[in-house]
Amino acid sequence: MEKSRNLRGKRLIQYKKSLKLTTLQKEILVGTLLGDACISCRKKPHPTYNIKFEQTYSKFEYIDHLYNIFEPFVGTSPQIRNMLDGRQFIWFRTYRHKAFEFYYNQFYPSMINTR
């Protein structure tokens, strides 16, 4: 499978069509959504969903581990976010993908009717 980094336009669209969540990714997704990952939904022009994983920088190894598991769904490596109070966070976000719709509907049921 082609790596997802640096893909743009039609190549990225085709690449994303080939993606399917593995059993491990599904299990980790449920666990992290019960914890501190979150799903966002962009409603227009049609609903698309992505996952954000974020922890304090001291949890870098954990975020790196999650990144390695979800790497096919991610276009950029984990990023550092510096807060004004000096705290640092490490995070990454997946591509917007239809595979996450089921999880959005399970974890954010009150949001379904607002589309």
Side-chain angles (χ1 to χ4, degrees):
M1 184 184 288
E2 186 175 12
K3 287 284 187 181
S4 64
R5 290 220 178 121
N6 301 318
L7 294 177
R8 302 285 182 265
K10 291 179 182 178
R11 287 183 61 212
L12 179 58
I13 291 168
Q14 282 304 113
Y15 172 79
K16 287 169 61 175
K17 286 181 181 178
S18 73
L19 292 175
K20 293 190 185 311
L21 289 169
T22 66
T23 300
L24 177 63
Q25 289 168 330
K26 291 174 184 178
E27 291 172 355
I28 290 172
L29 191 52
V30 168
T32 56
L33 288 169
L34 287 169
D36 51 20
C38 62
I39 299 178
S40 65
C41 175
R42 182 186 308 160
K43 296 176 178 158
K44 294 183 180 181
H46 53 78
T48 55
Y49 310 86
N50 70 320
I51 313 295
K52 184 177 182 184
F53 300 90
E54 183 171 24
Q55 293 283 323
T56 61
Y57 190 81
S58 65
K59 306 283 191 210
F60 175 87
E61 289 180 11
Y62 173 62
I63 288 295
D64 190 53
H65 177 69
L66 292 174
Y67 170 76
N68 287 319
I69 291 168
F70 285 93
E71 184 181 14
F73 284 89
V74 181
T76 59
S77 58
Q79 306 293 308
I80 296 172
R81 182 166 62 102
N82 295 305
M83 303 299 287
L84 292 175
D85 63 6
R87 293 179 297 150
Q88 286 189 315
F89 292 85
I90 185 85
W91 67 276
F92 71 93
R93 183 176 294 136
T94 65
Y95 289 128
R96 294 191 172 281
H97 198 277
K98 189 85 170 156
F100 304 125
E101 179 179 19
F102 170 81
Y103 301 93
Y104 181 85
N105 293 339
Q106 296 302 304
F107 286 89
Y108 302 89
S110 65
M111 303 299 286
I112 295 171
N113 295 326
T114 62
R115 281 194 243 171

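We count residues from 1, following the sequence as given.
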How many angstroms lie between atom [atom1] of [X] and atom [atom2] of [Y], to the nearest 0.5 angstrom?
X     : Y      : atom1 : atom2 : value
Glu71 : Thr76  : CD    : OG1   : 10.5 Å
Ile51 : Leu33  : CD1   : CG    : 5.5 Å
Thr48 : Glu101 : OG1   : CD    : 10.0 Å
Tyr62 : Thr56  : OH    : OG1   : 11.5 Å
Leu66 : Phe92  : CG    : CZ    : 5.5 Å
Ile28 : Thr23  : CD1   : OG1   : 11.0 Å

Might you point out which heavy atoms bring [X] and [Y] nearest each other, and give the distance in Å?
X     : Y      : result
Cys41 : Tyr49  : SG-CE2, 3.5 Å
Tyr95 : Phe100 : O-CE1, 3.6 Å
Val74 : Tyr67  : CG1-CE1, 3.6 Å
Ala99 : Leu21  : O-CD1, 3.7 Å

Checklist entry - Who passes side-chain hydrogen bond (donor to acceptor under 3.5 Å, both in side chains) against Lys59, sequence neighbours left out? => result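 So Lys59 forms no side-chain hydrogen bond (donor to acceptor under 3.5 Å, both in side chains) with any residue.
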Checklist entry - Using links of under 4.5 Å between side-chain heavy atoms of ILVMFWY residues, direct or through other members, which residues join Leu84 in one cluster? => result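 Its cluster mates, by chain and number: none.
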Next on the checklist: Tell me every residue that passes ring-ring contact (aromatic ring centres under 6.0 Å, His included) with Phe60, counting only those two or more places apart in sequence or in another chain.
Outcome noted: Tyr57
Next on the checklist: If the condition is ring-ring contact (aromatic ring centres under 6.0 Å, His included), which residues does Phe89 pass it with, not counting sequence neighbours?
Outcome noted: none
Item to check | Pair Thr94-Asn50, side-chain donor/acceptor within less than 3.5 Å | outcome: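 Checked: Thr94/Asn50 side chains show no N/O donor-acceptor pair below 3.5 Å.
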Counting distance only, does the side-chain N/O of [X] pair as donor-acceptor with the main-chain N or O of [Y] below 3.5 Å?
X     : Y     : result
Gln79 : Ser77 : yes
Tyr15 : Pro72 : yes
Lys16 : Arg96 : yes

Checklist entry - Would a hydrophobic clustering, with Ile, Leu, Val, Met, Phe, Trp and Tyr connected at side-chain separations under 4.5 Å, put Trp91 with Phe73? => result no
Item to check | Hphob cluster co-occupancy, Leu34 + Leu24, side-chain heavy atoms under 4.5 angstrom | outcome: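 Same hydrophobic cluster.
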Checklist entry - What pairs of residues pass the side chain to side chain donor-acceptor pair (under 3.5 Å) test when at least one of them lies in residues 25-36, not counting sequence neighbours? => result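 Of all non-adjacent pairs touching residues 25-36, those that pass side chain to side chain donor-acceptor pair (under 3.5 Å) are Thr22-Gln25, Asp36-Gln55.
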Checklist entry - What residues form a side-chain contact (heavy atoms from CB on, under 4.5 Å) with Lys44, not counting sequence neighbours? => result none
Next on the checklist: Are more than 12 heavy atoms, taken from residues, nucleotides or ligands other than Arg81, located less than 6.0 Å from that residue's CZ atom?
Outcome noted: yes
Item to check | Chi angles and distances behind the ring pair (Phe, Tyr, Trp, His ring centres under 6.0 Å) call for Phe107, Tyr103 | outcome: CA-CA 6 Å; Phe107 286 89; Tyr103 301 93; 7.2 Å; no
Next on the checklist: Between Ser40 and Tyr108, does the side chain to side chain contact (heavy atoms under 4.5 Å, CB included) criterion hold? Intermediate values first, please.
Outcome noted: CA-CA 10 Å; Ser40 65; Tyr108 302 89; over 6 Å; no
